Amino acid sequence: MEANGPTMRTALAASLLVVALVATVLIVRSGRSRRSPLEEAIDDRLAASMAPGTGSHLERAPRVRRLALAEEGASEPVYAPRIRIALGTTDAPGMKMVFEYVANALETIHPVVEEHDERVAYYDVEFTFGPDGLLVDGECRRVTVPAELVERLLEDDRYRAFDLRRDIERADGDDGSVATLWAACRS
């Protein structure tokens, strides 16, 4: 019985250590997984409007990847939402399809942002595609759209995905514009 005493105490200490580690991991994860009401509302709207089956090549409904702050230190927050669209394609999609998804996503989520009375500087719409597995990573590319172009998309019935693409292509690389056409995703 004496020989089992130290073994039992060691086993008990190890068990308590494992329980403490699991509890710590769960607490840290629960803190990271909290999403703002705006993120939840955007995700809900995207799931309702752009679920798999509503468009070709969608693996799952688009989601808010991050609700970043575009302007640090501003009196009121100015956001830069990052929306992730996972495509079930092995190759890069064509720009026509990309901009149809960009326009659809922005038409879906911009009204949600306005309902929550929040300001947005720009939107990053990210696309993942390509083989993804143990030895290879899929690719992630983004289109960055200034808020004023999104408002034009919503207000002008003649302004469509083609026009948005043309304006993003023209502004891409300009010093005064955040517009970006098909760049690597932000980390």
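This structure is a prediction, so every number in the text was calculated from the model and none was measured.
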Could you state whether Val98 and Val178 fall into the same hydrophobic cluster, counting links through intermediate Ile, Leu, Val, Met, Phe, Trp or Tyr residues with side-chain heavy atoms under 4.5 angstrom apart? no

Please indicate whether Asp156 has more than 12 foreign heavy atoms, meaning atoms of other residues, nucleotides or ligands, lying under 6.0 Å from its CG. yes

Taking C-beta and beyond as the side chain, do Arg142 and Thr180 meet within less than 4.5 Å on heavy atoms? yes

Arg65 and Asp124 ion-paired at < 4.0 Å: no

Does the pair Arg186 and Thr144 meet the rule for a side chain to side chain contact (heavy atoms under 4.5 Å, CB included), with working shown? CA-CA 11 Å; Arg186 302 173 200 262; Thr144 302; 3.7 Å; yes

Tell me whether Ile42 shares a hydrophobic cluster with Val150, the cluster being built from Ile, Leu, Val, Met, Phe, Trp, Tyr side chains joined at under 4.5 Å. yes

Can you see which heavy atom on Ala47 is nearest to which on Ala61, and at what distance? CA-CB, 3.7 Å

Say you draw a straight line from CG of Leu149 to CG of Leu106; how long is it, rounded to the nearest 0.5 Å? 9.5 Å

When hydrophobic residues are tied together by side-chain contacts of less than 4.5 Å, even through go-betweens, does Val125 share a cluster with Leu67? yes

Does anything in residues 106-117 pair up under side-chain hydrogen bond (donor to acceptor under 3.5 Å, both in side chains), and if so which pairs, sequence neighbours excluded? Arg45-Glu115, Ser49-Thr108, Glu107-Arg160, His110-Glu114, His110-Tyr123

Anything under 3.5 Å between a donor and an acceptor, one on a side chain of residues 77-91, the other on a protein residue two or more places apart or in another chain? List them.
unit_1	atom_1	unit_2	atom_2	d
Arg82	NH1	Ser187	O	3.4
Arg84	NE	Glu126	OE1	2.9
Arg84	NH2	Glu126	OE1	2.8
Thr89	OG1	Asp91	O	3.0

Has Arg166 got more than 12 heavy atoms of other residues, nucleotides or ligands less than 6.0 Å from its CZ? yes

So do the side chains of Trp182 and Asp172 get within less than 4.5 Å of each other, counting heavy atoms only? no

Distance, nearest 0.5 Å, that separates CG of Leu164 from CZ of Arg152: 9.5 Å

If we only count heavy atoms from C-beta on, is the Val102 to Phe127 side-chain gap below 4.5 Å? yes

For Met50 and Asn104, what are the C-alpha separation, side-chain angles and deciding distance, and is it a side chain to side chain contact (heavy atoms under 4.5 Å, CB included)? CA-CA 8 Å; Met50 295 179 70; Asn104 193 5; 3.7 Å; yes

Taking the side chain as everything from C-beta on, heavy atoms only, tell me whether Asp167 gets closer than 4.5 Å to Tyr159. yes

When you group the ILVMFWY residues by side-chain heavy-atom contacts below 4.5 Å and let the links chain together, are Phe129 and Leu181 in the same group? yes

Between Asp43 and Arg35, is any pair of side-chain heavy atoms under 4.5 Å apart? yes

Leu58 and Ala51: which non-hydrogen atoms are nearest, and at how many Å? CD1-O, 3.9 Å

I need the minimum non-hydrogen distance between Ala161 and Glu100, along with the two atoms involved. CB-OE2, 3.7 Å

Pairing residues for Glu169 by the side chain to side chain donor-acceptor pair (under 3.5 Å) criterion, not counting sequence neighbours: Arg165

Leu69 reachable from Val113 in the ILVMFWY side-chain graph, under 4.5 Å edges: yes

Trace of the side chain to side chain contact (heavy atoms under 4.5 Å, CB included) decision for Phe99 with Ile168: CA-CA 10 Å; Phe99 274 90; Ile168 295 292; 4.0 Å; yes

For the pair Met97 and His57, evaluate side chain to side chain contact (heavy atoms under 4.5 Å, CB included) and give the outcome as yes or no after the intermediate values. CA-CA 10 Å; Met97 183 171 80; His57 308 297; 3.4 Å; yes

